[in-house]
Q: 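Got a structure for you, written out below as structure tokens; questions coming shortly.
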Amino acid sequence: MTQSVRVRFAPSPTGFFHLGGARTALFDWLFARHHGGKFILRIEDTDRGRYHPDALPDLLGSLRWLGLQWDEGPDVGGSYGPYFQSDRAPLYQEHAERLIEEGKAYRCYCSPERLAAMREEQRATGRKPGYDGHCRELSQAQVAEYEASGIRPVVRLAVPKEGQTIFEDRLRGRIAVDNTELDDLVLLKSDGFPTYHLAVVVDDHLMEISHVLRGDEWLSSAPAHVLLYQAFGWPMPELVHLPVILDPSGKGKLSKRKVRGPGEVERLTFIHEFRAAGYLPEAMVNFLALVGWAYDAEREYFTRDELVQLFDLDRVSRSPSAFSYEKLDHMNAVYIRGLGDNDLATRIQQVLLGAGLDADFLTVLQFAPLVKERMRTLSDCIDMLGFAFSDSLDYEASLLIPKKSDEQGALAILMRTSEAVGQVEPFSHGAIEDTMRALSDSLGLKPRDMLGAVRVAITGRTVSPPLFESMEILGRERVQARIAGAIERLAKG
RNA sequence: GCCGCAUUCGUCUAGUGGCCUAGGACACCGCCCUCUCAAGGCGGAGAUCGAGGGUUCGAAUCCCUCAUGCGGUACCA
């Protein structure tokens, strides 16, 4: 029988969608697309305590932004629904009930307090912590007594006390764990909701999931899941535990939000933050694909289609990898440089407008090629082009004075520039450049020294897009006005 | 503590017994180009392949031990 590939991404809506989730979702998506299978989105909202109302919209928006469209799940439906676990509660209860009837699970009436005390004692006496089986073999009378007292029980899996649980991980090979290391884990909580373990197994089976790709942090609980599959008599999906993403230092897991000491930069971790910071989704996808996967020794730039075509579990790494923000920045810059002027201008205009700048498309389009190779993220354009959309520049008068010169020198430069600007014909960057160079010559200055002053006068900054082109785009009048403003500032200053 | 997983330049990685005196990329340094900043070009530094034992004519690649890191050890996912 040819089994079709069905993979699912199953986040829980407890917080914003972050890097780790995005990488897992991307691998799920790539794997599904590569094999012509289905990519399913399932929401694991069984923890009512940690539920976060903003999480779902954030997740869906981020997935769409990255271009990871799901074939089944929220908004799109599908024939294996519902896709929210909270809507599937009866299913889990039925299945738990079935295991109880078959003697493979049992009700447990222990209070959280008793369990905590038990664990504390086990730790204190150096034994391994785990449920002691107190309720595993209760008599009829004891059960009746507990039931009468109104305690709402949980359901636990009766883990075999002997033997080993053996399974195969696609990346790590055969893994064997002694059953004595496994706990009688809770399947159904006292509120009637399933734990992750029950829900994931029931749903993956019912949804006919063929491959389970998930973070390495789940590897430890995989044996328990295997036991559950065995208890139900179901075939195992293929298990693939992906390496975790580490902090850039290479030490420690990349936390969703790490509070750092003074002087240390707080890192972006949520996908919506990357979006807001001006990263291109295509760059994010390319970069994320490389976190835990590599094609060969040389190549690291891939289009989405190439990724789909080339992605292969055999080339997924087993060891955790640090997330390099510097390399992401570099890749993002490369992607920006690869954008057409029109495309770039469209994206930049949105950023500029979002920053409250009155940016018209035509001007933005003219500036696009000038800033293209200077930007690392789209939001860099706010700093770079702010001067073009506001006539009130803010800078220190002292910046107008070239090194090895003085106020008089600066004044001379500005006056002569003003004259020259008034006469250049046409007002094009080529002509402007010619006259400005001639001017620096006649002033006995090096172009770099003189142009520094003019740059500040025109842009309010010591660093800017190419000067002559910028002047051309601004136009003669605005340039004149700015030079006049600079002269005035110098006189006051 | 116990269990599991991992371990190649600072970082991401290539490498599956000889092609490796270990290749590429980011970051870093120098030079060139240059109106600033970038981009680009050229060059450089940077890894005794975690350590120690084996196996083999030959090991980053296979085996064992140790160390370190990470993960798990919840009525969280």
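Convention: sequence-line order gives letters A, B, ...; per-chain numbering from 1.
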Q: Does A:Arg315 reach a base, just sugar-phosphate, or nothing at all? Heavy atoms under 4.0 Å.
A: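 Here A:Arg315 touches the backbone only, sparing every base.
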
Q: For a quick check of understanding: with a heavy-atom distance under 4.0 Å over all strands, which category does A:Thr459 fall into, base, sugar-phosphate or nothing?
A: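 Here A:Thr459 touches no strand at all.
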
Q: Looking at every strand, decide which applies to A:Gly173 at a 4.0 Å heavy-atom threshold: base, sugar-phosphate, or nothing.
A: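 Counting heavy atoms under 4.0 Å across all strands, no contact is made by A:Gly173.
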
Q: Using a 3.5 Å distance criterion without hydrogens, assess whether the side chain of A:Thr459 forms a donor-acceptor pair with backbone atoms of A:Phe387.
A: no

Q: Under a 3.5 Å limit for both distances, which nucleotide forms a Watson-Crick or G-U wobble pair with B:G50, could you say?
A: B:C66

Q: Hey, is the main chain of A:Asp314 close enough, under 3.5 Å, to the side chain of A:Asp312 for a donor-acceptor pair?
A: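 Pair found, side chain donor or acceptor close to backbone of A:Asp314.
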
Q: Assess whether side chain to side chain contact (heavy atoms under 4.5 Å, CB included) is satisfied between A:Tyr295 and A:Leu290, documenting all intermediate values.
A: CA-CA 8 Å; A:Tyr295 177 62; A:Leu290 261 17; over 6 Å; no

Q: In whole Å, what separates the C1' atom of B:G46 from that of B:C62?
A: 30 Å

Q: Which nucleotide sits closest to the side chain of A:Arg156: B:A77, B:C75, B:U73?
A: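 The listed nucleotide nearest to A:Arg156's side chain is B:C75.
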
Q: With under 30° as parallel and over 60° as perpendicular, where do the rings of A:His52 and A:Phe16 fit, or are they tilted in between?
A: tilted

Q: Can you tell me the pairing partner of B:A22 across any strand shown, Watson-Crick or G-U wobble, with both distances under 3.5 angstrom?
A: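 Paired with no nucleotide.
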
Q: Identify the nucleotide, in any strand shown, that forms a Watson-Crick or G-U wobble pair with B:U36, with both distances under 3.5 Å; if there is none, say none.
A: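 B:U36 is paired with nothing.
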
Q: Any sub-3.5 Å donor-acceptor pair from A:Asn332's side-chain atoms to A:Ala283's backbone N or O?
A: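 Not confirmed, A:Asn332 side chain does not pair with A:Ala283 backbone.
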
Q: Using 30° and 60° as the class boundaries, would you call the ring planes of A:Tyr325 and A:Phe274 parallel, tilted or perpendicular?
A: parallel

Q: With rounding to the closest Å, how many angstrom separate the P atoms on B:C5 and B:C66?
A: 14 Å

Q: Could you tell me whether A:Val154 contacts a base, only the sugar-phosphate backbone, or nothing, with contacts defined as non-hydrogen atoms closer than 4.0 Å?
A: base

Q: Using the P atom on both, measure B:A74 against B:U56 and round to a whole Å.
A: 47 Å

Q: When the distance from CG of A:Asp314 to P of B:U16 is rounded to whole Å, what number comes out?
A: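 Result: 14 Å.
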
Q: With P as the reference atom in both, quote the distance from B:C26 to B:U73 in angstrom, rounded to an integer.
A: 40 Å

Q: Between A:Arg107 and A:Tyr109, is NZ or CZ placed under 6.0 angstrom from the six-membered ring centre and within 45° of the ring axis?
A: no

Q: Reading nucleotides 28-46 of chain B from the 5' end, what letters show protein touch, with B for base, S for backbone sugar-phosphate only, - for no heavy atom under 4.0 Å?
A: -------BBBBSS------

Q: State which of B:C26, B:C3, B:G71 makes the closest approach to the side chain of A:Val177.
A: B:C3

Q: Please report the distance, rounded to the nearest Å, between CG in A:Leu185 and C1' in B:A77.
A: 13 Å

Q: Between A:Phe323, A:Phe302, A:Tyr335, A:Tyr279, which is the residue that forms a ring-ring contact (aromatic ring centres under 6.0 Å, His included) with A:Phe287?
A: A:Phe323

Q: In whole Å, what is the span from the CG atom of A:Leu171 to the P atom of B:C5?
A: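 From A:Leu171 CG to B:C5 P: 13 Å.
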
Q: Rounded to whole Å, how long is the line connecting atom CG of A:Asp329 with atom P of B:A25?
A: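 One finds 19 Å between P of B:A25 and CG of A:Asp329, rounded.
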
Q: What is the distance from NZ of A:Lys327 to P of B:U13, rounded to the nearest Å?
A: 9 Å

Q: Heavy atoms under 4.0 Å, any strand shown: does A:Pro112 hit a base, just sugar-phosphate, or nothing?
A: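 Base contact.
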
Q: Look only at the side chain of A:Asn286 and the backbone of A:Glu300, and say whether a donor-acceptor pair between them is shorter than 3.5 Å.
A: yes

Q: List in numerical order all residues of residues 104-111 of chain A for which some heavy atom is under 4.0 Å away from an atom belonging to RNA chain B.
A: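 The answer is A:Cys110.
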
Q: Tell me whether A:Asp183 contacts the main-chain N or O of A:Leu185 through its side chain, where contact means a donor paired with an acceptor under 3.5 Å.
A: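 Answer holds: no.
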
Q: Name the pairing partner of B:C28, where a pair is Watson-Crick or G-U wobble with both distances under 3.5 Å, or state none.
A: B:G44

Q: Starting at the 5' end of RNA chain B, which residue's closest nucleotide do you reach first, A:Leu188 or A:Glu298?
A: A:Glu298

Q: Would you sort out whether A:Arg374 and A:Asp383 count as a salt bridge (charged side-chain N to carboxylate O under 4.0 Å, His left out), showing the intermediate values?
A: CA-CA 11 Å; A:Arg374 296 174 161 73; A:Asp383 268 359; over 6 Å; no

Q: Rounded to whole angstrom units, what separation is found between the CG atom of A:Leu242 and the P atom of B:C5?
A: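 Going from A:Leu242 (CG) to B:C5 (P), I get 17 Å.
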
Q: In terms of the nearest nucleotide of RNA chain B, which residue is placed more toward the 5' end: A:Glu44 or A:Ile175?
A: A:Ile175

Q: Once hydrogens and angles are ignored, does a donor-acceptor distance under 3.5 Å link the base of B:C76 to the side chain of A:Arg50?
A: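 Donor-acceptor pair under 3.5 Å: yes.
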
Q: Is any side-chain N or O of A:Ser321 under 3.5 Å from a base N or O of B:C12, one able to act as donor and the other as acceptor?
A: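 Result: no qualifying N/O pair found.
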
Q: Give a yes/no answer on whether the side chain of A:Thr46 brings an N or O atom under 4.0 Å of OP1 or OP2 in B:A77.
A: yes

Q: Can you check the distance between B:G52 and B:A67, where both ends of the measurement are the P atom (answer in whole Å)?
A: 15 Å

Q: Select one nucleotide: of B:C75, B:C5, B:G1, the one nearest the side-chain heavy atoms of A:Lys189.
A: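 Output: B:C75.
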
Q: For B:G24 and B:U8, measure between their C1' atoms and round to the nearest Å.
A: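 Going atom to atom, C1' in each nucleotide, I get 13 Å.
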
Q: Could you check which of B:C70, B:C75, B:A14 has an atom nearest any side-chain atom of A:Ala297?
A: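 Output: B:A14.
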
Q: Would you mind reading off the distance between A:Asp312 atom CG and B:A14 atom P, rounded to a whole angstrom?
A: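 In whole Å, B:A14 P lies 13 Å from A:Asp312 CG.
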
Q: Tell me which donor-acceptor pairs under 3.5 Å the side chains of residues 442-457 of chain A have, and how far apart each pair is, sequence neighbours excluded?
A:
unit_1	atom_1	unit_2	atom_2	d
A:Ser442	OG	A:Arg416	NH2	3.3
A:Ser442	OG	A:Leu439	O	3.0
A:Arg455	NH1	A:Ser464	OG	2.8

Q: Rounding to a whole Å, what distance do you find between A:Trp218:CH2 and B:U73:C1'?
A: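 In whole Å, B:U73 C1' lies 14 Å from A:Trp218 CH2.
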
Q: Return the pairing partner of B:U56 with a 3.5 Å limit on both distances, Watson-Crick or G-U wobble; otherwise return none.
A: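 Matched B:U56 with nothing under the 3.5 Å cut-off.
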
Q: Does any nucleotide pair with B:C2 by Watson-Crick or G-U wobble geometry, both distances under 3.5 Å, and what is it?
A: B:G72

Q: With rounding to whole Å, what would you report as the distance between B:A60 and B:G23 at their C1' atoms?
A: 13 Å

Q: Have a look at A:Arg119 and say if it touches a base, only the backbone sugar-phosphate, or nothing, with a 4.0 Å heavy-atom cut-off.
A: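 The residue A:Arg119 makes sugar-phosphate contact but no base contact.
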
Q: Please indicate whether A:Arg170 has more than 12 foreign heavy atoms, meaning atoms of other residues, nucleotides or ligands, lying under 6.0 Å from its CZ.
A: yes

Q: With rounding to whole Å, what would you report as the distance between B:G18 and B:C3 at their P atoms?
A: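 Here B:G18 and B:C3 have their P atoms 36 Å from each other.
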
Q: A:Arg299 near the nucleic acid: base, sugar-phosphate alone, or nothing, with a heavy-atom cut-off under 4.0 Å?
A: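 Nothing, no nucleic acid heavy atom in range.
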
